Asker: 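Here it is, the structure, as structure tokens.
Just so you know, these numbers use all the heavy atoms, side chains as well, and skip hydrogens, waters and symmetry mates. Model, not experiment: these values are computed from the prediction.
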Amino acid sequence: MRWEAHRTERRGALIKAARRAVHTLGAQASMEEIAAASGTSKSVYYRYFGDKSGLQQAMGEVVIHQMQEKILAAGRSADSPRSGMRAMVSAYLQMAETSPNVYAFVTGSPAGEAAAGSEPGVAVALSHFMANISAMMDHAVQLYLKGHQSDAVTQSAAGFWPIAALGMVRSAGERWLATPAGPDRPTEAEMTDQLTIWLFDGIGWDTPDPSAKTVTPSTTVRGGRTGSDAVPTSKDTQ
């Protein structure tokens, strides 16, 4: 019993040290480099984690759990679906930006590239993370739709929205992390606002063109909305 407690404590300390090392050295740091930066030997890390994949899995489970808790807490503290979504997007971007190297290490893909090589344990942690965040987003979407006229097709299709939104936020967030600092890289707040607008209002290219043919009120769209009301505006979503 005492040995198990000691082993758990030691394992946690090694993960914390490895996290600091990866933050400084980069996601491609070797076990030898991580061990040296942690002030111990490579054999110690191999003894506790087996190999680099085992360390990646262990660190991933810790980091992803922390991200999930912060994002869910941000969503729960909001007073509307829109503010909840903004809080969750902001929490995600802030944690990823805090250490892009650690983010890339635990997700198995360099920032800005599609995740393709996550270890099974990390993949499972990511899967649970996505499922929990998706469930919360689904609840927010259902609350949002209650205040807006929509047909049965829109209601049923809304169930696909959370996973689509998560995919967009993650892909855009990773590309944002990979973009060098400069005028072409939005701040975290600007990126959060833009992603929230895209999710709730669309890309913003629906401004009427004076030369375009006017849509008559009789034109209908899915959701039961007509004419210029077919696309929700910022006012609609507030």
Side-chain angles (χ1 to χ4, degrees), residues 8 11-12 15-16 18-20 22-23 27 56-109 111 114-115 118-148 155-177 186-201 237-238:
T8 299
R11 182 181 170 88
I15 290 173
K16 188 173 182 179
R19 188 171 176 175
R20 289 195 299 266
V22 170
H23 174 79
Q56 180 193 34
Q57 176 181 334
M59 193 189 303
E61 290 170 353
V62 171
V63 173
I64 291 168
H65 176 73
Q66 291 176 347
M67 289 185 73
Q68 175 179 297
E69 289 302 301
K70 184 170 183 178
I71 291 170
L72 289 176
R76 285 191 292 263
S77 67
D79 56 7
S80 71
R82 190 186 187 103
S83 62
M85 178 59 62
R86 191 194 183 286
M88 292 168 74
V89 170
S90 179
Y92 168 78
L93 293 180
Q94 285 179 31
M95 291 201 74
E97 187 182 30
T98 297
S99 183
N101 289 335
V102 171
Y103 178 89
F105 187 83
V106 303
T107 58
S109 61
S118 297
E119 291 301 314
V122 176
V124 169
L126 278 171
S127 177
H128 289 319
F129 168 79
M130 293 295 184
N132 289 330
I133 303 301
S134 180
M136 188 173 205
M137 291 171 66
D138 184 62
H139 178 67
V141 170
Q142 295 306 319
L143 287 177
Y144 174 79
L145 288 176
K146 283 183 179 179
H148 295 76
Q155 290 283 351
S156 59
F160 297 96
W161 187 87
I163 195 65
L166 279 173
M168 186 180 82
V169 172
R170 182 179 178 186
S171 296
E174 291 181 356
R175 179 62 64 86
W176 172 73
L177 285 176
T187 64
E188 180 272 315
E190 290 170 342
M191 194 67 198
T192 295
D193 286 338
Q194 192 62 70
L195 283 169
T196 305
I197 289 169
W198 287 343
L199 290 169
F200 276 84
D201 304 330
T237 58
Q238 292 176 348

Asker: If you round to the nearest 0.5 Å, how far is CD of Q68 from CE of M88?
Answerer: 9.5 Å
Asker: Roughly how far apart are Q66 CD and R19 CZ, rounded to 0.5 Å?
Answerer: 4.5 Å
Asker: Can you find a pair of side-chain heavy atoms, one from V22 and one from V106, that are under 4.5 Å apart?
Answerer: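 When only atoms from C-beta onward are counted, V106 and V22 do not touch, as no gap falls below 4.5 Å.
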Asker: Can you tell me how far apart CD (Q194) and OG1 (T187) are? Round to the nearest 0.5 Å.
Answerer: 11.0 Å
Asker: For a quick test of reading the model, state the closest non-hydrogen atom pair linking R86 to A189 and the distance between them.
Answerer: NH2-O, 3.8 Å
Asker: Quick one: does any side-chain atom of Q56 pair with a main-chain N or O of F105 as donor and acceptor, under 3.5 Å?
Answerer: yes
Asker: Hey, what do you get for CD1 (I15) to CZ (R11), rounding to the nearest 0.5 Å?
Answerer: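 If I round to the nearest 0.5 Å, the distance is 5.0 Å.
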Asker: Grab the two heavy atoms, one from L93 and one from G173, that are nearest each other, plus how far apart they are.
Answerer: CD2-CA, 3.8 Å
Asker: If only side-chain N and O atoms count, and only distance matters, is there a donor-acceptor pair under 3.5 Å linking Q94 with T98?
Answerer: no
Asker: So, for M95 and M67, which heavy atoms are closest and what is the spacing to 0.1 Å?
Answerer: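 Scanning both residues completely, I find the closest heavy atoms to be SD-CA, 3.4 Å.
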Asker: Look up atom CG in D201 and atom OG1 in T196, then write down how far apart they are to the nearest 0.5 Å.
Answerer: 9.5 Å
Asker: Within the distance-only criterion (no hydrogens, no angle test), does the side chain of T107 pair as donor or acceptor with the backbone N or O of Y103 below 3.5 angstrom?
Answerer: yes
Asker: If you compare all heavy atoms of S90 against all heavy atoms of T192, which two are closest, and at what distance to 0.1 Å?
Answerer: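 What the structure gives for the nearest pair is CA-OG1, 3.5 Å.
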Asker: If you compare all heavy atoms of A74 against all heavy atoms of S77, which two are closest, and at what distance to 0.1 Å?
Answerer: O-OG, 2.8 Å
